[in-house]
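Inspection log for the structure reproduced underneath, given as structure tokens.
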Number of protein chains: 2
Amino acid sequence: MKTRDKILLSSLELFNERGERNVTTNHIAAHLAISPGNLYYHFRNKSDIIYEIFLEYEKLVDYYLDIPEDRPLTLDDMMFYLESVFDGLWSYRFFHRDLEHLLDGDRRLRQDYREFTDRCLDAISRIFEKMAEAGIIEPQSDELRSAMSLNVWLVITNWMAFLKTAHASEESANLTLTELKQGIYQVLTLEVPYLTAAYRERVLVLREKYRPQLPEAREAELPVGKTVGWNAI
Amino acid sequence: MKTRDKILLSSLELFNERGERNVTTNHIAAHLAISPGNLYYHFRNKSDIIYEIFLEYEKLVDYYLDIPEDRPLTLDDMMFYLESVFDGLWSYRFFHRDLEHLLDGDRRLRQDYREFTDRCLDAISRIFEKMAEAGIIEPQSDELRSAMSLNVWLVITNWMAFLKTAHASEESANLTLTELKQGIYQVLTLEVPYLTAAYRERVLVLREKYRPQLPEAREAELPVGKTVGWNAI
DNA sequence: GACTCCCTAGAGTATATACTCTAATAATAC
DNA sequence: GTATTATTAGAGTATATACTCTAGGGAGTC
């Protein structure tokens, strides 16, 4: 593999593991056992590395969210979109963590990310539209669908932050893809009230598969009777 | 005012304006025209300053989210909760921005924040329960209410990040409290499908007041026909 | 005046971090 | 083989940042 690609790969790996803020260019070079000079031969600066990684991320999600216009959507499609988006989120999970700071430091990235968000919101909205056409959910006004789509986006992009800050018992307890995908449960929760009678039960069954599991550690930690919120069932 | 309090006040101000990451203890001291030594006489380190600010934030939100158990909830109560929570979010807006990093650097804060989240989720859930009792929304199963509450929390705590990353046209364009409160529109969107016939119209009218306004600049920027998502109505 | 206690100044330090510069080596073209 | 280009090493640098240390001022008390 070319050094340039190795740098991108290692950077992504380290960013995901430790957070962009905690990974220096020297760390990346050391991790690859190359010199800092070598790294800076391939990339002008750290922002450039991050930008390249973003382009990959963008490409991946755009690929996933390509919506077929020649046929109706199915439940399988919907689940594929959800699974795929969370897979993408997982692979580039450092990105949404320090998003604000990353965008502050790079105009290009800021602009591109904004357009990326718009495309995603558009895609989500289109998916809902086609789901209504397919009779999976009740039709919604444009206005409601847009607002709903935005809420879906908010839940998707911030589910991980919630897990890392509010959920994980200790910083050592690292996140797993399985836990991340419990975000699908939350997204489907948004859809529940709109499901048609014909599909309601089927979707609820699918949703159940993603229901968050109580980590033993956490349950034991909380005083009896004080368990609250999403895990209190 | 005591120097200690001045430090807390200035820190909060600077953190909110520039982000915790971009504000050093030296900046804070300089901003107050005091010496670094003086600052460190009052606080052992930066984490301690942040922790103290968190305690204030926590106290404020706990105060806002105190739920009266001796009477039913009204629509006014609900709007008060929403307004208050977003006011709190605004006053301490630096906090959720760098949350993950802040928690990484302070065990105490991590633990406290987790309990704080649990209390908030509990409060949100209780509010929904009482709103159902008051006939504002249809009753929900415990499971659905918990999942809903968590979605409300996700939307509330991440609305600002969305505004700053995806919405604002330029980094120079600073956020206003009014824009932040458009998050209330998003939260009410979550409630829409559960509203009872008796209250539906009244809530929709309230919700309308928070509907995001299209900033002129933004509209002009986007190619015609490509406007998407939440602002495309 | 002298003592004490609280507060403050400001120079200084250890460490980190993004990035540069020069020289050398490997790969390729002719 | 030789010239050229692409790649790499590694020491080095400028700047920033969290934090320390010592000296001393001011106010109250006896």
Side-chain angles (χ1 to χ4, degrees), chain A residues 1-54 94-95 97-110, chain B residues 1-54 94-95 97-110:
Chain A
M1 196 190 298
K2 296 226 171 201
T3 302
R4 189 189 152 83
D5 293 329
K6 280 198 269 185
I7 293 171
L8 287 175
L9 212 65
S10 276
S11 299
L12 177 57
E13 192 186 325
L14 292 174
F15 288 162
N16 278 340
E17 260 172 33
R18 307 182 200 169
E20 179 271 341
R21 188 176 184 169
N22 303 316
V23 176
T24 72
T25 49
N26 292 348
H27 285 147
I28 299 167
H31 184 257
L32 281 169
I34 65 173
S35 62
N38 195 354
L39 187 148
Y40 278 91
Y41 170 78
H42 290 284
F43 294 93
R44 269 213 323 271
N45 52 41
K46 198 179 171 187
S47 272
D48 267 14
I49 298 178
I50 293 164
Y51 185 67
E52 291 273 322
I53 295 178
F54 165 72
F94 85 94
F95 191 70
R97 174 171 173 179
D98 286 313
L99 186 54
E100 227 174 303
H101 185 261
L102 295 181
L103 301 194
D104 267 356
D106 188 337
R107 254 223 169 75
R108 253 180 333 175
L109 185 58
R110 188 176 184 80
Chain B
M1 195 190 297
K2 298 227 170 199
T3 303
R4 188 188 153 85
D5 294 328
K6 280 198 269 185
I7 293 170
L8 288 175
L9 212 65
S10 276
S11 299
L12 177 57
E13 192 185 326
L14 292 174
F15 289 162
N16 278 342
E17 259 172 32
R18 306 180 201 171
E20 179 271 342
R21 187 175 187 170
N22 303 317
V23 176
T24 73
T25 49
N26 292 348
H27 286 146
I28 300 167
H31 184 256
L32 282 168
I34 66 172
S35 62
N38 195 353
L39 187 147
Y40 278 90
Y41 171 78
H42 290 283
F43 294 93
R44 268 215 323 272
N45 51 41
K46 198 180 171 186
S47 273
D48 268 13
I49 299 178
I50 293 164
Y51 185 67
E52 292 272 323
I53 295 179
F54 165 72
F94 85 94
F95 190 71
R97 174 171 173 179
D98 286 313
L99 186 54
E100 225 174 304
H101 185 261
L102 295 181
L103 301 194
D104 267 357
D106 189 337
R107 253 223 170 75
R108 253 182 332 177
L109 185 59
R110 188 178 184 77

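These figures come from a predicted structure and were not determined experimentally. Each chain gets a letter, A, B and so on, in the order its sequence line appears, and its residues count up from 1. These values consider heavy atoms only, across backbone and side chains, with no hydrogens, waters or symmetry-generated copies.
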Exercise for the section: May I ask you to say what A:Ile34 touches in the nucleic acid, namely base, sugar-phosphate or nothing, with a heavy-atom cut-off under 4.0 Å? Expected result: sugar-phosphate

Practice task
Verify side-chain contact (heavy atoms from CB on, under 4.5 Å) between B:Arg110 and B:Asp104, making sure each step is shown before the conclusion.
Solution key: CA-CA 7 Å; B:Arg110 188 178 184 77; B:Asp104 267 357; 4.1 Å; yes

Problem - Nearest-angstrom distance from the residue atom CG of A:Leu32 to P of D:dA9 - result: 10 Å

Handout entry: Letter per nucleotide, 5' to 3', of nucleotides 15-21 of chain D [B base touched, S only sugar-phosphate touched, - untouched; heavy atoms, 4.0 Å]
Key = --SBBBB

Problem - Under-4.0 Å side-chain N/O to phosphate OP1/OP2 contact, A:Ser35 with D:dG10 - result: no

Exercise for the section: Please list, by residue number, the residues of residues 3-19 of chain A whose heavy atoms come closer than 4.0 Å to an atom of DNA chain C; answer none if no residue qualifies. Expected result: none

Exercise for the section: Choose from D:dG10, D:dT7, C:dT8 the nucleotide whose nearest atom is closest to any side-chain atom of A:His42. Expected result: D:dT7

Exercise for the section: Kindly compute the distance separating OG (B:Ser47) from CZ (B:Arg108), expressed to the nearest 0.5 Å. Expected result: 7.5 Å

Practice task
Could you tell me whether B:Arg18 and B:Asp98 have a side-chain N and a carboxylate O separated by less than 4.0 Å?
Solution key: no

Practice task
May I ask you to say whether B:Arg21 pairs ionically with A:Glu20, meaning some side-chain N is under 4.0 Å from a carboxylate O?
Solution key: yes

Handout entry: Separation of A:Tyr41 OH from A:Ile34 CD1 (nearest 0.5 Å)
Key = 12.5 Å

Practice task
Mind checking B:Ala29 for me? I need base, sugar-phosphate or nothing, with any heavy atom below 4.0 Å counting as a touch.
Solution key: nothing

Exercise for the section: Looking only at non-hydrogen atoms, find the nearest pair between A:Ile7 and A:Leu39 and report the distance. Expected result: CD1-CA, 3.9 Å

Problem - Atom-to-atom span, CZ of B:Phe43 to C1' of C:dT8 - whole angstrom - result: 15 Å

In a table with atom names and distances, give each donor-acceptor pair under 3.5 Å that connects a side chain of residues 24-33 of chain B to protein atoms at least two apart or in another chain.
from	atom 1	to	atom 2	distance (Å)
B:Thr24	OG1	B:Asn26	N	3.2
B:Thr24	OG1	B:His27	N	3.0
B:Thr24	OG1	B:His27	ND1	3.3
B:Thr25	OG1	B:Tyr40	OH	3.1
B:His27	ND1	B:Thr24	N	3.0
B:His31	ND1	B:Ser10	OG	3.3

Problem - N/O (side chain, B:Tyr41) to phosphate O (OP1/OP2, C:dT8) under 4.0 Å - result: no

Exercise for the section: Classify the angle between the aromatic ring planes of B:Phe15 and B:Phe94 as parallel (below 30°), tilted (30 to 60°) or perpendicular (above 60°). Expected result: tilted

